[in-house]
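Here the structure comes first, spelled out in structure tokens, and everything after it is commentary.
Just so you know, ligand 1 is whichever comes first in the structure, and atom 1 is the first atom listed for that ligand.
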Amino acid sequence: MRKQVRILGVPIDMISQEEAFQKLVLFLEGSSIKKIYTPNPEIVMLAQEDQRLLKVIEGADLVLPDGIGLLIASKIKGLGLKERVTGVDTMDRLLNYCGDKKRSIYLLGGKPGTAEIACKNIEQQYPGIKIAGLHHGYFQEADENEIIADINAAAPDLLFVCLGAPKQEKWIDRYQDQLNCKIAMGVGGSVDIYAGTAKRAPVIFQKVGLEWFYRLMKEPWRMKRMMVLPKFLIQVIVKQ
Ligand code: UDP
């Protein structure tokens, strides 16, 4: 049975990293497309004002609690979220699985050239994996039919969509009935991490829940976006 909690009205699956992975493996054997999103507090805040985004998240097959802020909110309110389940860690496990089982992926997103480098690195890092296709994420609406045709011709098991949130979630939702893949997952800046143009925080920062702080030091322009975190926590305390 699927268990979800609502944080400021946004549904999040109550699931551990291991349970999420097992569920995703089952999804890979399924017959219809499954939509996976990995929201953080910033997206939860956006969904307060964007009803369409809220509906999109409600329509997901799995919503992973990415972002330490969601875990803090869960602790404050005793909601019982198990642990942080990041998009990039989950993607790593899925890529490993695809290597072992010779499954295929399609990588959509990132600046022109980035997905190519990411896919080369992924091929090296996860031997056996099939790169079914890739496309950068700076396309016009007029190009979308062509991109969907390319994805469908490649028929990947997994489609990773890296257009940034909430664009990627809305894109997956909009085209879900046209896409030929088992899993479509929004994984934001993961394409940059696999390409090596962005770095994850050292493990110690990840362990103590300060990955966001490391990212802020590396990309100070994120300050404005991150200021949403204290606002988020205040709303959780006041409203939830
Ligand atoms: N991106 C894209 N198309 C767009 C906007 C963004 O492909 O129209 C890519 C961008 O190049 C980056 C990723 O989406 O690789 C978003 O990264 P970010 O770290 O901002 O996303 P987050 O993980 O924070 O949602």
Side-chain angles (χ1 to χ4, degrees), residues 10 12 35-50 52-54 56-57 60 62-70 84-92 94-95 105-122 133-144 146-148 150-151 159-175 179 184-201 205-206 209-229 231-232:
V10 178
I12 312 280
K35 295 158 286 167
I36 323 299
Y37 308 136
T38 63
N40 57 18
E42 202 182 327
I43 302 307
V44 169
M45 289 298 273
L46 276 181
Q48 306 300 294
E49 274 135 42
D50 183 345
R52 161 119 181 76
L53 176 61
L54 179 61
V56 166
I57 299 174
L62 190 58
V63 186
L64 302 178
D66 200 336
I68 193 70
L70 299 181
R84 186 173 173 220
V85 188
T86 68
V88 64
D89 287 322
T90 308
M91 180 171 173
D92 177 61
L94 284 169
L95 293 176
I105 67 156
Y106 191 110
L107 193 55
L108 172 64
K111 295 197 180 118
T114 306
E116 276 89 348
I117 303 171
C119 284
K120 276 201 187 110
N121 292 340
I122 287 172
L134 57 93
H135 199 286
H136 67 78
Y138 290 84
F139 47 80
Q140 304 298 315
E141 211 175 324
D143 305 326
E144 293 188 346
E146 211 175 294
I147 293 171
I148 291 165
D150 188 53
I151 294 169
L159 170 64
F160 292 108
V161 185
C162 307
L163 303 175
K167 193 171 178 180
Q168 59 205 12
E169 290 78 7
K170 289 182 175 172
W171 197 90
I172 291 171
D173 188 79
R174 178 167 180 196
Y175 293 114
L179 288 168
M185 182 167 176
V187 279
S190 297
V191 63
D192 301 301
I193 290 175
Y194 282 105
T197 48
K199 292 237 174 315
R200 277 201 84 181
F205 280 78
Q206 295 176 33
L210 284 177
E211 197 166 6
W212 62 272
F213 179 66
Y214 180 86
R215 207 166 178 194
L216 185 60
M217 287 193 302
K218 291 277 170 197
E219 302 167 40
W221 54 268
R222 283 184 182 273
M223 185 63 164
K224 200 161 164 242
R225 277 173 64 175
M226 284 189 184
M227 282 314 288
V228 87
L229 188 64
K231 284 190 201 148
F232 163 79

Is there at least one pair of N or O atoms, one from Gly164 and one from ligand 1, spaced under 3.5 Å apart? yes

Tell me, with the steps shown, if Phe232 and Leu70 meet side-chain contact (heavy atoms from CB on, under 4.5 Å). CA-CA 9 Å; Phe232 163 79; Leu70 299 181; 3.8 Å; yes

Is Leu163 touching ligand 1 with its side chain, its backbone, both, or neither, if touching means heavy atoms under 4.0 Å apart? both

Should you measure from each heavy atom of Gly109, which atoms of ligand 1 turn up under 4.0 Å away? 7 (O)

Protein heavy-atom partner closest to atom 8 (O) of ligand 1 - residue, atom, separation in Å: Lys167 NZ, 2.6 Å

Quick test of your reading of the structure: of Ala198, Ala165, Cys162, whose heavy atom lies closest to atom 9 (C) of ligand 1? Cys162

Tell me whether Arg222 has any N or O atom under 3.5 angstrom from an N or O of ligand 1. yes

Which pair of heavy atoms, one from Gly137 and one from Leu163, lies closest together, and at what distance? CA-CD2, 3.6 Å

Quick look: His136 vs ligand 1, heavy-atom contacts under 4.0 Å, and the answer is neither

Between the CD1 atom in Ile193 and the NZ atom in Lys199, the distance rounded to the nearest 0.5 Å is 10.0 Å

Protein residue, atom and distance nearest to atom 10 (C) of ligand 1, heavy-atom basis: Tyr138 OH, 3.3 Å

Got an N/O contact under 3.5 Å between Gly137 and ligand 1? yes

Counting only heavy atoms closer than 4.0 Å, does ligand 1 sit against the backbone of Glu42, its side chain, both, or neither? neither

Short N-O contact, Asp173 and Arg52, less than 4.0 angstrom: yes

Looking at Met223, I'd like to know if its CE atom is crowded, meaning that more than 12 non-hydrogen atoms belonging to other residues, nucleotides or ligands lie closer than 6.0 Å. no

re atom 12 (C) of ligand 1, the protein heavy-atom contact at minimum distance is Asp192 OD2, 3.3 Å

Between Glu42 and Arg222, is the closest basic N to carboxylate O distance under 4.0 Å? no

Hey, is Lys170 close enough to Asp50 for a salt bridge, meaning N to O under 4.0 Å? yes

In this structure, does ligand 1 have an atom that sits under 4.0 Å from one of the heavy atoms of Glu219? no

With a 6.0 Å cut-off (strictly less than), is the heavy-atom count around CD of Glu144, excluding the residue itself, greater than 12? yes

Pair Thr197-Thr114, side-chain contact (heavy atoms from CB on, under 4.5 Å): steps then yes or no: CA-CA 8 Å; Thr197 48; Thr114 306; 4.2 Å; yes

re atom 19 (O) of ligand 1, the protein heavy-atom contact at minimum distance is Arg215 NH2, 2.7 Å

Closest to atom 7 (O) of ligand 1 among protein heavy atoms sits Gly110 N, 2.8 Å

Closest approach of any protein heavy atom to atom 24 (O) of ligand 1, naming residue and atom: Arg225 NH2, 3.1 Å

Heavy-atom contacts under 4.0 Å between His135 and ligand 1: side chain, backbone, both, or neither? neither

Please lay out, stage by stage, how Tyr194 and Leu95 fare under the test side-chain contact (heavy atoms from CB on, under 4.5 Å). CA-CA 11 Å; Tyr194 282 105; Leu95 293 176; 3.6 Å; yes

Ligand-side contact atoms (ligand 1) for residue partner Val191, heavy atom cut-off under 4.0 Å: 15 (O)

Nearest protein heavy atom to atom 23 (O) of ligand 1, by residue and atom, and its distance? Gly189 N, 3.1 Å

Within the 4.5 Å heavy-atom criterion, are Phe139 and Leu108 side-chain neighbours or not? yes

